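Report on the structure given below.
Numbering starts at 1 and runs along the sequence shown. Remember, it's a predicted structure, so these values are computed and weren't measured experimentally.
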Amino acid sequence: TRIQGLVQQEYRATRVFCTFETEGAQRHVLQKMSVGSFAAYRNDTHQVNPNLLFRGEHVLLLREAEEPSTIRWMDLDEKWMAKLKQISITTAISLGSVVIVALIVALLRRKSVAYAAVGISISNMLFPAIAKILTNMEAHPSETGKQSSLFVKIAIFRWVVTAIVITIITPFTSTLTNGPAHLIESIYVIFFADLVTANVFQLLDPVGNFKRHFLAPRASSQERMNLLMGGTEYTVAERYTNTTKTLFLTFYYCAIYPSAFFICAFTLIVNFYVDKFSLMRTWKPAPALGPYIAKFSRVYFMSSAIAAMALISSYLYSGFPFDNLCGQDVSHSAYYGTWKITNGEGVDGTAIIEPGVRSFHFCNQFLGPGSNFAFPALPIAQKEGSVWMTNEQQDLINIYGWLSVGVIGLVGLGFLFEAFNAARSIFGGSYKVDGGVHGKTFSQVETISSYIPQIKTNQFTHPLLAANIDEVDESIFDWQDPERSYSFYDLTRDAEQLLKGNEDVCNRAFGQIRHWPPGGPAEGDMGNGGTKSALRRTKDINTKRNVSWSSKVTCKTYSKDDPNAFAYNLNSNGSTSEGMNFSGHSDPLFDPHAQSEGRSFKGAPPQSGVPNFDPYANQPPQDFQNDGGGYGPPPPQAPPAQQHFDQYHNTGLDYDNQLPDQMYGDSQQAPVS
């Protein structure tokens, strides 16, 4: 009932994807018809050549499409207000997670620096899974947009938890002091924990190994076993944030911990080989995103990390020696004498104060956010009577302070330039030719991928097809199931069976796809014209190929029920199909109790003495609609003029070299013509 209600609704086209035979043709169209999204929204016909208007009155918004494997077909029609609401909710949850984990890290650090470092490393491993759940709640028209949203969530979390939180919870005077409770020691432990914990867990891959070595051998079906053996899913965004996190931690503390550069280099080398091993051995293939995530990381996050390095380094150099003491050459008579003191390690001692001895008093050396905030961090920020910087230090701070302003300014200009390009695409065409035209055409590429609506599910090893593929050549698919035909995954066939063969309704409810191969027939010259029904059985008489039945279309043939059936010659005008009525009666379109599949194979020697495959060919017509089973042949009828009946047409076509069904073993190896 729900499906019948959905197909009755009207669906407007939200995206149209076109693939050109040559790259030059694609570029020519994009250059001539590229307009801004604002002009397309207002349908400003003055922006386009009148000959290029759609139906003579509509302005089309043309953009160079992303890779077919990145298109999220179920999210193409989502409204922007719904998207904004979803992103706002998921972002708020992500920020809340940052605050909660930061509080947990602060509590762990009170116990031990090692506890805090391990907590940071574990949270960095677990949060990507939470971020993926949140991102799946968002509607993105492409995998690139989804990966970008995931990248931002994970990067902000890891940057804040790994680097910034430690600075906040560590006292200012504990920056350079020795001991496990101080900042330098904390940075080293974080590096070590991140290097060991994350990579060891990735190499062990406990979840993936459990699926492959325990669940897969005990799977109830081959399909289920293939799914369990598919590998661990990974995302490019998560791997990039793992790299930027290490770099950001290094840049953030390099002023006071220069050894971080060597640790960072070693960590990145180890990460490279661990990721290479996982990519080749344990990870599931990811969508072909192209260079967008790399560019996104480089333009926004790497530049932000460099700006943070310049800014934080200026403040760290200005705070040296991190003791909040300012010295004076004047001694106070009130302190003359011998004093008993206790140092920071709890050791008692004595101090003698005499006239002329240099004295010290408290002064706030932290120029960061707070009561003593100054930007940029310059020597002039020191208050009169509270000067702690040496002359050499003041010269260095002058350089770093103004350098930080320049770096932040350049990064800001880069962000403005990207915003300007985005605005230009709104108000005008933004297409630019990149590189030369390749010599190969689309049809000449060995591995091609096309814009076919597909839905990925955890129930099947290959995606389901949300479009009728009768008029589509199988060469444009970038995947192949060795056991099943592409029509097995065609959802329009299921819909027609559920809707009693209502072809027109199904065509309106699903996506449409057309394929005009070079040298092929024109649209008006195609056999049946338009989209073929998933249940049609007529086609050009000259078309011959070996086929197999898909289990999606239920049938009953003698090749499996009668061991002597292989002795017959195939007669394409005779049919023993179950659940398909070619005489106009109301046989059921689908029988859930019939599970048999039929196959035909070429290369069979002719069988003498057996003139026809159909055992009922010489019997008088009977009424098989009321015989109790409906398995007999239909009354004989003449095929349509200039057409040839093929009982295998559009019922789950396989390749000529299709392997026999494993369920029936060698029973299908007998030669049959």
Side-chain angles (χ1 to χ4, degrees), residues 102 106 109 156 159-160 162-179 181-187 247-261 301-332 335 344 357-416:
R109 197 185 183 287
I156 292 177
W159 284 21
V160 173
T162 305
I164 300 177
V165 169
I166 293 297
T167 303
I168 296 175
I169 64 179
T170 302
F172 178 78
T173 55
S174 298
T175 302
L176 294 181
T177 52
N178 294 325
H182 304 293
L183 185 60
I184 297 296
E185 185 73 16
S186 300
I187 298 171
L247 289 173
F248 182 77
L249 181 64
T250 302
F251 292 167
Y252 199 90
Y253 293 111
C254 65
I256 59 174
Y257 193 48
S259 301
F261 283 110
F301 281 83
M302 289 302 298
S303 57
S304 298
I306 294 175
M309 178 179 67
L311 181 65
I312 299 303
S313 296
S314 65
Y315 282 100
L316 289 175
Y317 283 133
S318 67
F320 190 84
F322 304 99
D323 56 6
N324 282 340
L325 293 176
C326 292
Q328 291 180 322
D329 294 331
V330 178
S331 59
H332 298 277
Y335 297 105
V357 175
R358 184 177 175 85
S359 62
F360 294 86
H361 65 278
F362 173 81
C363 63
N364 188 0
Q365 298 175 350
F366 180 59
L367 299 181
S371 59
N372 203 30
F373 176 72
F375 178 79
L378 297 174
I380 58 175
Q382 301 175 103
K383 297 180 180 179
E384 186 178 356
S386 298
V387 177
W388 68 89
M389 298 183 189
T390 63
N391 294 332
E392 294 81 1
Q393 185 179 1
Q394 292 183 19
D395 295 337
L396 180 65
I397 297 305
N398 277 321
I399 296 174
Y400 261 89
W402 292 115
L403 182 63
S404 65
V405 174
V407 172
I408 294 174
L410 290 176
V411 173
L413 288 176
F415 290 169
L416 290 177

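Among all heavy-atom pairs drawn from W388 and S318, the shortest one is NE1-O, 2.8 Å. Smallest separation of non-hydrogen atoms from P379 and N398: CD-OD1, 3.2 Å. For the residue pair I312 and Y252, the shortest heavy atom distance occurs at CG2-O, 3.3 Å.
Between F248 and W159, the two ring planes are parallel [angle under 30°; tilted spans 30° to 60°].
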Which donor-acceptor pairs under 3.5 Å do side chains of residues 399-410 form with protein atoms, sequence neighbours excluded?
from : atom 1 : to   : atom 2 : distance (Å)
S404 : OG     : Y400 : O      : 3.4
S404 : OG     : G401 : O      : 2.5

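Rounded to the nearest 0.5 angstrom, F251 CZ and L249 CG are separated by 11.0 Å. Annotation: the span from Y257 atom OH to I184 atom CD1 amounts to 7.0 Å, rounded to 0.5 Å. Distance CE/M309 to CG/L247: 10.5 Å, rounded to 0.5 Å. The CD1 atom of I397 sits 8.5 Å away from atom OH of Y317, with the distance rounded to the nearest 0.5 Å. To the nearest 0.5 Å, atom CG of residue L316 and atom CD1 of residue I256 are 5.0 Å apart.
The shortest distance between side-chain heavy atoms of L311 and F375 falls below 4.5 Å. Looking at L183 and I166, their side chains come closer than 4.5 Å, going by heavy atoms from C-beta outward. By the 4.5 Å heavy-atom criterion applied to side chains, M389 and L396 are not counted as neighbours. At a threshold of 4.5 Å between non-hydrogen side-chain atoms, the residues F415 and S304 count as touching.
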Inset, instruction - With side chain to side chain contact (heavy atoms under 4.5 Å, CB included) as the test, would you mind laying out the steps for F320 and L176 before giving the verdict? - result: CA-CA 9 Å; F320 190 84; L176 294 181; 3.5 Å; yes
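Sequence neighbours left out, the pairs with a member in residues 360-387 that pass side chain to side chain donor-acceptor pair (under 3.5 Å) are D323-Q365.
Using modelled atom types, one finds a donor on one side chain and an acceptor on the other under 3.5 Å when comparing T167 with Y253.
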